[in-house]
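Working notes for the structure below.
Both backbone and side-chain heavy atoms feed into the values below; hydrogens, waters and symmetry mates do not. For clarity, every value in this text was computed on a predicted model and none was experimentally measured. Here, residue 1 is the first one in the sequence, and each next residue gets the next number.
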Amino acid sequence: MTRTSGRILQGVAALLVLLAPAAQAGLGEGVAAVARDHAALRGRTLTVTPMQAYDRHESTTAAGIRIHEYVSRAGTVFAVTFDGPSIPDLKVLLGTQYGAYVVATSSRRVNHKVLSIHTPDLVMQVVKLPRGFSGEAHVPGLVPAGVNRSELR
């Protein structure tokens, strides 16, 4: 890909982000976003598990996707994870970070089995499994002190 075509793709991706309707909720939003996400993704169940530094909100959709949203004691969604037969609506889950996701995926070649993004504002990985997908995303600056990324599953 030439430098010019790469810049054109980045410009198109940025334009799509600006023209797209506002995201409903997601990373960086308040705890109220969890209920909006649950409704937008057609969740069937929603349970909350209190942890030491955060609460884990688990939702299961009608399509069989299990989604965890991690909410800090300050009331902010700092991470999301999912696994299931398909990828949930990332615009809903990533919220304001969706633009960073679009730009990052348009500016690099994506492996057909693993998508990995590491920027100062978004760390994300999506893996294609034999029978579905597994993914995680977090905003490094919002993760509570002492929380290990391996806990977020």
Test of understanding: clusters of I, L, V, M, F, W, Y form through side-chain heavy atoms closer than 4.5 Å, transitively. Do [X] and [Y] belong to the same one?
X      : Y      : answer
Val147 : Val139 : yes
Val123 : Leu115 : no
Val31  : Leu142 : yes

Could you work out, with side chain to side chain contact (heavy atoms under 4.5 Å, CB included) as the rule, every residue matching [X], not counting sequence neighbours?
X      : answer
Ser72  : Ala74, Thr76, Phe78, Pro144
Ser150 : Asn148
Ala79  : Tyr70, His138, Leu152
Val77  : Leu27, Val34, Glu69, Val71, Val80

Exercise. Is there side-chain contact between Met124 and Gln97, with heavy atoms separated by less than 4.5 Å?
Worked result: no
For this session: Kindly state each residue pair satisfying salt bridge (charged side-chain N to carboxylate O under 4.0 Å, His left out) with at least one member in residues 74-84, sequence neighbours excluded.
Result: Arg66-Asp83
For this session: Sorted by first residue and then second, give each salt bridge (charged side-chain N to carboxylate O under 4.0 Å, His left out) pair with at least one member in residues 139-152; sequence neighbours left out.
Result: Glu136-Arg149
Partner set under side chain to side chain donor-acceptor pair (under 3.5 Å) for [X], not counting sequence neighbours:
X     : result
Asp55 : Arg73
Thr81 : His68
Ser86 : none

Exercise. Of all residues at least two apart in sequence or in a different chain, which pass the salt bridge (Lys or Arg N to Asp or Glu O under 4.0 Å) check with Asp89?
Worked result: none
Seminar exercise, completed: For Thr61 and Leu41 the tightest heavy-atom approach is CG2-O, 3.4 Å
For this session: Over all heavy atoms of both residues, which pair between Ala63 and Pro85 is shortest? Give the atoms and the distance, please.
Result: O-CG, 3.2 Å
Problem set entry | Summary of side chain to side chain donor-acceptor pair (under 3.5 Å) pairs that have at least one residue in residues 122-131, sequence neighbours excluded | none
Using residues 42-51 as the side-chain source, report each donor-acceptor pair under 3.5 Å to any protein atom, sequence neighbours left out, with the distance given to one decimal.
none

Exercise. Roughly how far apart are Leu122 CG and Tyr101 OH, rounded to 0.5 Å?
Worked result: 10.0 Å
Exercise. What distance do Ile65 atom CD1 and Phe82 atom CZ have between them, rounded to the nearest 0.5 Å?
Worked result: 8.0 Å
For this session: Determine whether the side chains of His118 and Ser116 contain a donor N or O and an acceptor N or O closer than 3.5 Å.
Result: yes
